[in-house]
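In each ligand, atom 1 is the first atom listed, and ligand 1 is the first ligand listed.
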Amino acid sequence: MPINIQQDKAYINGKWTTAADGRRFRVNDPYTDEPIGDVPDLGPAETQDAIVAAHAAFAPWSKKLAVERADVLWRWHQLVLEHTRELSELITRECGKPLAESIAEVRYGNSFIRWSAEEARRLHGEVIPSDQADRRLLVLRQPLGVVAAITPWNFPFSMITRKVAPAIAAGCTVALKPSEETPLSALALAALAHEAGLPAGVLNVLTTTNAKGVGEVLTTHPLVRKVTFTGSTSVGKQLMAQAAGTVKKVSLELGGNAPFIVFDDADLEASVEGAMASKFRNAGQTCVCANRILVQRGISDRFVPMLAERIRTLQIGHGLEPGTQVGPLISDKALANVERVVADAVAQGAQVLSGGTRAGKRAFHPTLLTGVTPGMACFREEVFGPVAPVTVFDTEEEAITLANDTRYGLAAYVYTRDLARSWRMAEALEYGMVGLNTGLISTAVAPFGGVKESGMGREGSHHALEEFTEMKYLAMAGL
Ligand code: ADP
């Protein structure tokens, strides 16, 4: 029987449910503003239900053999694979990104399910050489319990699998609150998980416009042992403070302000390609996208015109239209923010080499700004739009100072063909991730995460599963 990808109910304790008061909210296509569906608008009471269900499911789920959990994840992976097209179209309709990017997101998101299925069986403990003859010292890895996950709209599919798959692989259960902009992708994932045989209560999906009320329950309920969040730095700080009351573990993937540094000795074409890929994916609405392009003076006269040329060819449109490379921004608020940032730069003396204006109702022309200085908003803030601000520098030391001059520390990119410089830069950059001669670094097999105010904790790699476990030290005496 075909699985219904587009659900119109929330998912609690293995059942499709509505809000107790019957409230619902609409989901709109960000490009056209046309409604594409509606879902229940849940509140604190239903959130409690989800947490209680997740707690009840924890004991049996965590006691299953690792291979049994892995088998469910493998079936889930297979079903996602079989529904790639439908899922991708749903992602594009919900968040606006071009279809090719949505297909890439489904593949990327599904790679976390696959990786977690594989890693579920490799969550080893430790035997520590003892310091006493009659003792043996061991470390067990045990799943934490109920995990609360709060996710953003910009990757409505993969930001969920990146948290949920390792959590449930490790034996945890989850109450998930997806973004109010993109609840449909989350429900589609739940429908496939249900079909894959995930037991009731292991994954619960709370659709709501009451992020604050639901978030408060998720971060303060005594049965929740961990909060994992991807979103803005301001909300992350608030959630961390709320979680402090019951000393929950916290993982945060917050904002970034990625420097994209091009040295004189870089491969010119590769650096332009890298900048395009890093900057304009999802119309610049990714937390790792190049936010500031720092170019060494000797290459800037060739790099900037080439980048401008490439930017002018980008095709704007609806994500489902063939050929579209840049879709809309997610909301009027996001669009207004991009306009503010560009106006601020121009007022302070930056030049607009291309773009700089709205394109239709909700999109923005891909924009290249030169003469950008550290005082400008586009240098200091996460722009989250298709705007490439360029700053020219002279020395390696200056590049490092400029790059680290931010409270953020998620991703940084460096283009150089000098091996020694690559090492110096990789070590000097205060970032959780550094791409050397690449603008795309995300993969399920490597640890993704930031330092400073970009967050804490890592997603992807074997470290990700460990973040959903507690270490238990066991001392066996009297041997
Ligand atoms: P963005 O600017 O990327 O939308 P947000 O941090 O506002 O970033 O949103 C990321 C996620 O956090 C979304 O699921 C949103 O609903 C949720 N969120 C926003 N405010 C709160 C809050 N006060 N408590 C809990 N979750 C919140």
Among all protein heavy atoms in this structure, tell me which lies nearest to [atom], with the distance rounded to 0.1 Å.
atom	value
atom 12 (O) of ligand 1	Phe229 CE1, 3.2 Å
atom 21 (C) of ligand 1	Val235 CG1, 3.6 Å
atom 23 (N) of ligand 1	Gln238 NE2, 3.4 Å
atom 4 (O) of ligand 1	Trp153 NE1, 3.1 Å
atom 17 (C) of ligand 1	Ile150 CG2, 3.7 Å
atom 25 (C) of ligand 1	Ala211 O, 3.2 Å

With backbone taken as N, CA, C and O and side chain as the heavy atoms from C-beta onward, which portion of [X] lies under 4.0 Å from ligand 1: side chain, backbone, both, or neither?
X	value
Thr151	backbone
Phe384	neither
Glu216	neither

Ring geometry between Trp16 and His194 (parallel below 30°, tilted from 30 to 60°, perpendicular above 60°)
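Tilted: the ring planes of His194 and Trp16 meet at 30° to 60°.
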Students often mix this up, so state it plainly: with edges at 30° and 60°, are the rings of Tyr413 and Phe260 parallel, tilted or perpendicular?
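Answer is tilted, since the angle falls between 30° and 60°.
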Among Lys279, His365, Met276, exactly one meets side-chain contact (heavy atoms from CB on, under 4.5 Å) together with Ile311. Which residue is that?
Met276
Near [X], which atoms of ligand 1 are under 4.0 Å from a heavy atom of that residue?
X	value
Gly215	25 (C)
Leu239	24 (N), 25 (C)
Glu180	15 (C), 16 (O)

Just go through Pro183, Pro156, Ser232 and tell me whose heavy atom is the nearest to atom 8 (O) of ligand 1.
Ser232
Heavy atoms, side chains only, cut-off 4.5 Å: are [X] and [Y] in contact?
X	Y	answer
Val146	Arg225	no
Glu105	Ile91	yes
Glu94	Thr92	no

Any protein heavy atom < 4.0 Å from atom 14 (O) of ligand 1
yes
Whether over 12 other heavy atoms sit under 6.0 Å from Arg85 CZ
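At most 12 heavy atoms, drawn from other residues, nucleotides or ligands, come within 6.0 Å of this atom.
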Where the side chain of Lys248 meets the backbone of Val224, is there a donor-acceptor pair that is under 3.5 Å apart?
yes
Can you check whether Gly450's main-chain N or O pairs, donor with acceptor, with Arg458's side chain at less than 3.5 Å?
yes
